[in-house]
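The figures here come from the full heavy-atom set of this structure, side chains too, leaving out hydrogens, waters and symmetry mates.
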2 protein chains.
Amino acid sequence: MLSKSEENYLKAIFHLSVKAEKGISTNAIAQQLDTKASSVTDMVKKLSEKELVLYVKYQGVTLTDKGEKIAANVIRKHRLWEVLLVQKFNFNWDEVHEVAEQLEHIHSKKLIDEMDAFLGFPKHDPHGDPIPDKDGNINFLEKSLLSTIDVNMKAVCVGVKDTSSDFLRYLDKQEIALGKEIAVLEKEAFDNSMLIRIGTNEFTISQQIATNIYVKNKE
Amino acid sequence: MLSKSEENYLKAIFHLSVKAEKGISTNAIAQQLDTKASSVTDMVKKLSEKELVLYVKYQGVTLTDKGEKIAANVIRKHRLWEVLLVQKFNFNWDEVHEVAEQLEHIHSKKLIDEMDAFLGFPKHDPHGDPIPDKDGNINFLEKSLLSTIDVNMKAVCVGVKDTSSDFLRYLDKQEIALGKEIAVLEKEAFDNSMLIRIGTNEFTISQQIATNIYVKNKE
DNA sequence: TCAAATTTTTAGACTTACCTAAAAATAAAT
DNA sequence: ATTTATTTTTAGGTAAGTCTAAAAATTTGA
Ligand SMILES: [Mn+2]
Ligand SMILES: [Mn+2]
Ligand SMILES: [Mn+2]
Ligand SMILES: [Mn+2]
């Protein structure tokens, strides 16, 4: 049974591995976990002895299959808990992450399986992120940033990149939510701001906003 | 924010305090938590500095109001989680304790308040134990041991003293459950075994069984 | 290419929560 | 009232996970 700390390291390495193909650097992990590089080196050695990561000094780490499966399962738990909190316990999507960070370390296979069933086997969490299945497989769906959508095109909001409370509450205020159709009406060449329409509301969003909203093109 | 360990100590002292009026001894706590007396002394000093217990060397500890409130809240969380597991997640009453031991240390006021509402503000956990309210007040209901019920009397099962899996599964097998009416038909003077009837089933139970079932007299 | 900057690792220390073994205090028994 | 037994505390140590500061390796770039 892994400690909370070990699980958090595996999860961090997993998240960092999505984009990178080389080994994940000590510093990157330290930044992700808000800790020091020296602490990372220590932990990475331990995970390596447990055969959860491949580690070559000065060359970063990679998850083994075993480590990847455990990481995916922690993420599965995190996201299922987030769904429960939002769908059954009246949490807003900006309130769930902190509690899910705690709940993801509860050890009980039955609990997570039953919760999955209780929730109707959801495929995505409240932020649009895919929920890994029991075997750790993740269904990454194709999605684009709203900023890449051409003028006069429509797209459906399917996720968020930034998940900070500030950003999520801004989206609430503007009534931007998963599943909403967004029409791109104008793009300002100077600052890449966009005029968009959601329902009958038309308003302008900055590039920073547009690069933090994931959408799926309407075919 | 208290550590898991600190919360477990407060909970243990709380449980031990129900019966005892003197200070709770170091040894008693050690036994309850399956640890060593020397470890207890260390922790009790720390809790004393935080004003969660009153501690006088060689004279045991007592919870302060602050400590008692925290302990009651941990117990509140434990029991509410047990209700959730049984009522919503198909756990049997012998399967919930271990997971609840983990879940009781999740810190989120909103989570527990919402869960309470979601469950319809239950007053008792799956074992019949009362759930403390938000302020830490516990409604101890009057209850007797089945072994004290006279022949030809009826009583309703309202709780269990032993909560081991073995015992709870024995009760399942015999279809003894909370809310069931038990009629005492005969008592054997030699070994204090009892012939009882539940519904249409008649069978004998040993004294050991009868002293681990709480009942409420039918008036 | 080789010196400077950056990254990573090592060395040594700290905190929490444990432990064992010995000392001190209290309680029990002669 | 002492001696004996038990309980409790102290002293010193361990393991996990963190930190700072210094050393070593790697990368950058003049
Ligand atoms: Mn999250
Ligand atoms: Mn999420
Ligand atoms: Mn329990
Ligand atoms: Mn219970």
Let me have a per-nucleotide readout for nucleotides 1-6 of chain C, 5' to 3', with B, S or -, counting only protein heavy atoms under 4.0 Å.
-> ------
Would one find a side-chain N or O of B:Thr35 under 4.0 angstrom from OP1 or OP2 of C:dC19?
-> yes
For B:Glu98, salt bridge (charged side-chain N to carboxylate O under 4.0 Å, His left out) partners two or more places apart = none
Note, A:Lys77 side chain near A:Glu82 side chain (heavy atom, < 4.5 Å) | no
For B:Asp42 and C:dT20, what is the distance between atoms CG and P respectively, to the nearest whole Å?
-> 13 Å
So, does A:Ser17 use its side chain to make a donor-acceptor pair with the main chain of A:Ile13 at under 3.5 Å?
-> yes
So, A:Asp125 versus A:Trp81: side-chain donor-acceptor pair below 3.5 Å or not?
-> no
Let me have the donor-acceptor pairs involving side chains of residues 24-34 of chain B, under 3.5 Å, with sequence neighbours excluded, atom names and distances please.
unit_1  : atom_1 : unit_2  : atom_2 : d
B:Ser25 : OG     : B:Ala28 : N      : 3.0

What is the distance from OH of B:Tyr55 to C1' of D:dT10, rounded to the nearest Å?
-> 10 Å
Would you list the pairs meeting salt bridge (Lys or Arg N to Asp or Glu O under 4.0 Å) in which at least one residue belongs to residues 48-72 of chain B, sequence neighbours left out?
-> B:Glu6-B:Lys50
Taking only residues two or more places apart in sequence or in another chain, which ones pass salt bridge (charged side-chain N to carboxylate O under 4.0 Å, His left out) with A:Asp116?
-> A:Arg76
Sequence neighbours left out, what passes salt bridge (charged side-chain N to carboxylate O under 4.0 Å, His left out) with B:Lys110? Give chain and number order.
-> B:Glu114
Atom pair distance, as rounded to whole Å: NZ in B:Lys36 and C1' in D:dG13 | 16 Å
Taking B:Ser165 for its side chain and B:Asp94 for its backbone only, find out whether a donor-acceptor pair lies under 3.5 Å.
-> yes
Pairs in or reaching into residues 106-136 of chain B: which pass ring pair (Phe, Tyr, Trp, His ring centres under 6.0 Å), with residues at least two apart or in two chains?
-> A:Phe89-B:Phe118
Which whole-number value in Å describes the distance from B:Gln31 CD to D:dT6 P?
-> 16 Å
Which parts of residues 16-30 of chain B get close to DNA chain D, meaning a heavy atom less than 4.0 angstrom away?
-> B:Ser25, B:Thr26, B:Asn27
Which one, D:dT8, C:dC19, C:dT10, comes nearest to the side chain of B:Thr41?
-> D:dT8
Among residues 4-11 of chain B, which residues get a heavy atom nearer than 4.0 Å to DNA chain C?
-> B:Ser5, B:Tyr9
If you look only at pairs with a residue in residues 38-79 of chain A, which of them pass as a ring pair (Phe, Tyr, Trp, His ring centres under 6.0 Å), with sequence neighbours excluded?
-> A:His78-A:His97
Rounded to whole Å, NZ of A:Lys45 lies from P of C:dT9 at a distance of 8 Å
Who passes salt bridge (charged side-chain N to carboxylate O under 4.0 Å, His left out) against A:Lys216, sequence neighbours left out?
-> none
Restricting to nitrogen or oxygen on both sides, can you table the protein-nucleotides 21-26 of chain C pairs closer than 3.5 Å?
unit_1 : atom_1 : unit_2  : atom_2 : d
C:dA25 : O4'    : B:Tyr58 : OH     : 3.3

Would you confirm whether A:Asp191, through its side chain, and A:Ser193, through its main-chain N or O, come within 3.5 Å as a donor-acceptor pair?
-> yes
Measure from CE on B:Met43 to C1' on D:dT9 and round the result to the nearest Å.
-> 17 Å
